[in-house]
Asker: 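Let me begin by handing over the structure; questions about it come next.
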Amino acid sequence: MAKEYNFREIEQKWHRLWTERQTYKIGEDESREKFYVLNMFPYPSGAGLHVGHPLGYIASDIYARFKRQQGFNVLNPMGYDAYGLPAEQYAIQTGQHPEKTTFANIDRYREQLDKIGFSFDWDREVRTCTPDYYRWTQWAFQKMYNSYFDEALQKAQPIEKLVEKFKAEGTWPADEKAQNDLLMNHRIAFLGETMVNWCPKLGTVLANDEVVEGVSVRGGYPVEQKKMRQWCLRVSAYSQRLLDGLDTIDWSESIKETQKNWIGRSEGAEVKICLSSNPSPEGKGEMKKPLPSGGGLEEASFTIFTTRADTMFGVTFFVLAPESELVDKVTTPDQRAAVDEYLKYVKSRTERERMIDHTVTGVFSGAYGINPITGDRCPIYIAEYVLAGYGTGAIMAVPAHDSRDYAFAKHFGLPIVPLVEGADVSEESYDAKEGIVINSPVSEDKSVKYDGESLCLNGLSIKEAIAETKRFVKAHNLGRVKVNYRLRDAIFSRQRYWGEPFPVYYKNGIPTMIPEDCLPIELPQVEKFLPTETGEPPLGNAQIWAWDEVNRKIVDKKLIDEKTVFPIELYTMPGFAGSSAYFLRYMDPKNDKALVGDDVASYWQNVDLYVGGSEHATGHLIYSRFWNKFLFDLGVSKKDEPFQKLVNQGMIQGRSNFVYRIKDTNTFVSLGLKDQYDVTPIHVDVNIVKNDVLDLEAFKAWSPEYATAEFILEDGKYICGWAIEKMSKSMYNVVNPDMIVENYGADTLRLYEMFLGPVEQSKPWDTNGIDGCFRFLKKLWALYWDKDGNLALTDGEPSADSLKTLHKLIKKVTADIEVFSFNTSISAFMVAVNELGQQKCNSRAVLQALPVLISPFAPHIAEELWEAIGGEGSVCDAKWPQYEEKYLVETSVKLGVQFNGKVRFDMLFPADATPEQMIELATSAPEAARHLEGMQIVKTIAIPKRIVNIVVKPN
RNA sequence: GCCCAGAUGGUGGAAUUGGUAGACACGAGGGACUUAAAAUCCCUUGGCCAGUGAUGGCCGUACGGGUUCGAUUCCCGUUCCGGGCACCA
């Protein structure tokens, strides 16, 4: 009896031995080069792992094991993102305390992860909800509170430096409240009264990336705008560095693009527009003199932002955002009623309506502004298509070259002046930034002179015209060059229970940091942790939640006297707080003196390879880059960018199966025959379907409703229909990795997840092909044993074929792992194992290399074989083999010969043939003679080692 | 609307980055072993045409053009699917 591949026994054995021997425990080792592999850690949700979760973990584990075998000291940790909305929502849905569910879920995750055989160093596990971890989240927050962003240095600085600066400038106020307000405008973590995304259903505010199309990402509940006092992080200060950093890291173009869009840098000009003091439409020419400077100007002017400075000559009106403070100032008495009515209308519209419905609305303010370049007097409108939150909340409208301005001008019958040669603006605007400028100015007297110079852009390209206008505006003090970013500050408070408490108390309303050495401030136990629609924070229910300044501890709220005992912040931090610097904590998870020790941080530097989903592009991946840059400014983190290379694993979609019930019966008809009946498709659990064939007995047992089901079969089988859908319980298409491990083993699961296709690509989970991977492992296994179950290796000289197979494999796999092409590596293994089987190879020299090569993919079987052949230690530490070219040399090269691209045949050339010899051989070959008959050779081309082309034409 | 990525057999996907398209796997069909099943092994498998056959020919990488001796690959245009941003001036 040949020895059977008993994966259960093997996998259990090695899980035990790995734990006993601490195979995956690693430390800092200066003698070896470090490599840091990291997965985005999971939210321990209640449903447990499905087959989509391990995809990225398997990919990174393969790479980590590979790097380790290449001699690197590899850090490959895992932990849990346990605070935040998902964990809390699950607790709420199941009516349990989040602490209980979170820890139960973590245990379940751990159990599932352990079955798959990852090389995680579990001694380094972090959980964001444990006090020894979130102590450093609170610590970082306090550092941010005590820092400001120095624009000139482009880095964070201690807030004291800013105080010094204000004092030196003489702008430091005497009043403590004013001092506090002033600093609050500069702190990186600050308390701000801003419009926030308020989600009543979730009972909390949300960050911009947590809201899509006016509804919450989590749950899909409506979100409204509300002015609230909230903690914020000044992420926007880092806009330029976040943008610049993208050029230094190895991320996919699409995710960099997403971040660039999100940061939304636009370079433009701010131009000061004076109000026309002349109420009559005949007020022309009044500004044909340099702008007055100083006194009185502020009241009579506003500033617009534009990226198209070249279009100053085409301005025919100005527009203010309805929320702009200017609206009130400019509105004339006779337009007051109309404006008020319009503002009322705008207010009645939800964010969502405004986003979806783009009909043109607006109202004339009654006021006029003077275009400083042409001196023209243009009406000022108020319209909701201009946003208060971006730029200055005011624009100059150029209908000829902006589609929104165009629509507005058409609607209100305003003039449209084209400025680009050949642009036809009779039907639509010409928005492209290409062309030659005209009408700028139309005539010389339409351009205002400043210090004897007037602007003329005619004949310039648009690009040149933008630059020239910016220069002019700057030179004559009409405005300034300005860069705007779309990226907004992150709202950092949540009116929720399950998050890090803020280490802050309020002393007479002024936020004050709890001393650093008193951290962490632990989350208090409360009975009622549910959020409220009104936004009352659950921490308000905590009784022991006041700060005693003298005794430096948390005390009962009843003791609050506003003298030495003060209320503590009731909000908690959002989910992204804990996930923003966890990669640093893994380096030194047990350090109770620092987030990470300086030596340790210097050794591990940053993450070399980060693997996770692209859905975090505008959330976690922005926040953690920001957070890390801040810590870098502090000197805690050693690299400006936290994640050098990023691989985005694709989503695993569900593949649902359907049965077809004939209407009003309990009879089900197979896929191929369903069109002959009136049927209703019904989702059926994919776990009772194999290769789209329904297990009839299992189906009857699945639900009492189907116990008496009858079937119309085709070829004796019931074939199910299928569709690709989201993997979800309600579609009955969730595949649990435990079942795969149970039936095929972890090694097969690992192989199959990788074999499914490129890691980066989204694809449906389709168990149909899993047998192929299982068969491969059985064949690999069979190479090592003879009929009696004894090791079949011999020490004889391996055959040239076997050596070639082996070295081809080493070459291919080494190259493929390096570029994350795991599906093609596995294909190469399958080819190699088939070849070795056919060669009846039992040479030790060849077969001892295979366990090493396969171990990143299938570590359990690799360990077992490695042990069986007497390998030393764990296969994890076995040296990755090198291939040798000499075994790969072809004795002859098979080449295609083409005649005029139409006729071709294969022939063998000697490997060392020169191009000339190849041509000679090709043209004199008997096969060639047939094709060359009656033909004239026009041209011969020899591509070294590849192909000979002979171009012919009829004689 | 703007930006990014993509489209290859019945299916998942390969293709040394311009050089024999369809590796590998699944599924399907045929065969061997077996009382039978499972397991295992072997053969066929992009389409069409001709031939008893070995084989030969034509078409074929979403569609239409182009560059090239040669294009799945490069260029231009079109269609479709996915992702991001979106009254961002």
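The sequence lines fix the lettering, A, B, ..., with proteins before strands; numbering per chain opens at 1. In what follows, every heavy atom counts, from backbone to side chain, and hydrogens, waters and symmetry copies are set aside.
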Asker: Which of these nucleotides, B/U40, B/A89, B/C87, is closest to any side-chain atom of A/His358?
Answerer: B/C87

Asker: Counting only side-chain heavy atoms from C-beta out, which of B/C26, B/A89, B/A15 sits nearest to A/Phe305?
Answerer: B/A89

Asker: So which one's nearest nucleotide on RNA chain B is more toward 5', A/Gln838 or A/Gly757?
Answerer: A/Gly757

Asker: Where each residue is assigned the nucleotide of RNA chain B containing its nearest heavy atom, which of A/Lys812 and A/Ser827 is assigned the position nearer the 5′ end?
Answerer: A/Lys812

Asker: Is there a side chain to side chain donor-acceptor pair (under 3.5 Å) between A/Asp771 and A/Tyr744 once you walk through the steps?
Answerer: CA-CA 8 Å; A/Asp771 289 317; A/Tyr744 295 94; 3.2 Å; yes

Asker: Taking B/C58 as the reference, what is the distance to B/G51 when you measure between their C1' atoms (whole Å, please)?
Answerer: 15 Å

Asker: Looking only at side-chain N and O atoms, does A/Lys778 come under 4.0 Å of OP1 or OP2 in B/U40?
Answerer: yes

Asker: From NZ of A/Lys260 over to P of B/A5, roughly how many Å is that when rounded to an integer?
Answerer: 11 Å

Asker: OP1 or OP2 of B/A89 sitting under 4.0 Å from any side-chain N/O of A/Tyr385?
Answerer: no

Asker: Is a side-chain donor-acceptor pair under 3.5 Å present for A/Tyr406 with A/Asp431?
Answerer: no

Asker: Measure CZ/A/Arg308 against C1'/B/A89 and give the value in whole Å, please.
Answerer: 10 Å

Asker: If we count only N and O atoms by modelled type, under 3.5 Å, do the side chains of A/Thr824 and A/Asp816 hold a donor and an acceptor together?
Answerer: yes

Asker: Using the C1' atom on both, measure B/G31 against B/C81 and round to a whole Å.
Answerer: 42 Å

Asker: Looking at B/A89, I'd like to know if its phosphate oxygens (OP1 or OP2) sit under 4.0 Å from a side-chain N or O belonging to A/Ser266.
Answerer: yes

Asker: I'd like the C1' distance from B/G57 over to B/A7, given in whole Å.
Answerer: 30 Å

Asker: Rounded to whole angstroms, how far apart are CG on A/Asp816 and C1' on B/A23?
Answerer: 12 Å

Asker: Given the C1' atoms of B/U20 and B/A15, what is the spacing between them in whole Å?
Answerer: 11 Å

Asker: Should B/A37 form a Watson-Crick or G-U wobble pair with both distances under 3.5 Å, which nucleotide is its partner?
Answerer: none

Asker: What is the glycosidic conformation of B/G9: syn, defined as within 90° of 0, or anti?
Answerer: syn

Asker: Which value, in whole Å, describes the distance between the P atoms of nucleotides B/G10 and B/C69?
Answerer: 34 Å

Asker: Of the nucleotides B/C85, B/C24, B/A89, which has the atom closest to the A/Trp262 side chain?
Answerer: B/C85

Asker: If we call it a pair only when both distances are under 3.5 Å in a Watson-Crick or G-U wobble match, what pairs with B/A21?
Answerer: none

Asker: In whole Å, measure the gap between the C1' atoms of B/G82 and B/C74 for me.
Answerer: 24 Å

Asker: A/Ser266 and A/Thr307: which non-hydrogen atoms are nearest, and at how many Å?
Answerer: CB-CG2, 3.8 Å

Asker: Does any donor atom in the side chain of A/Asn208 or A/Asn197 lie under 3.5 Å from an acceptor atom in the other side chain?
Answerer: yes

Asker: Give the rounded distance in Å between these two atoms: CD1 of A/Ile382 and P of B/C87.
Answerer: 21 Å

Asker: Once you round it to whole Å, what is the distance between P of B/C85 and CG of A/Asn484?
Answerer: 19 Å

Asker: Considering just the side-chain nitrogens and oxygens of A/Arg486, establish if one lies under 4.0 Å of OP1 or OP2 belonging to B/A89.
Answerer: no

Asker: If you check every side-chain atom of A/Thr824, which of B/A89, B/A14, B/G12 has the closest atom?
Answerer: B/A14

Asker: Just how far, in rounded Å, is P of B/C2 from CD of A/Glu257?
Answerer: 15 Å

Asker: Check whether any side-chain N or O of A/Gln761 sits under 4.0 Å from OP1 or OP2 of B/G13, and answer yes or no.
Answerer: yes

Asker: Using the C1' atom in both, what is the distance from B/G46 to B/G22, to the nearest Å?
Answerer: 8 Å

Asker: Counting just side-chain N and O atoms, does A/Asn823 come under 4.0 Å of either OP1 or OP2 of B/C26?
Answerer: no

Asker: What integer distance in Å separates A/Arg265:CZ from B/G84:C1'?
Answerer: 20 Å

Asker: For the P atoms, the ones on B/G27 and on B/C80, what distance do you get once it is rounded to whole angstrom?
Answerer: 36 Å

Asker: Looking just at side-chain N and O atoms, do A/Tyr345 and A/Thr361 make a donor-acceptor pair shorter than 3.5 Å?
Answerer: no

Asker: How about A/Ser429 and A/Asp402: does a side-chain donor come under 3.5 Å of a side-chain acceptor?
Answerer: no

Asker: Could you check how far NZ of A/Lys787 sits from C1' of B/U40, rounded to whole Å?
Answerer: 15 Å

Asker: For B/C41 and A/Arg775 - does any side-chain N or O of the residue sit under 4.0 Å from the phosphate oxygens OP1/OP2?
Answerer: no

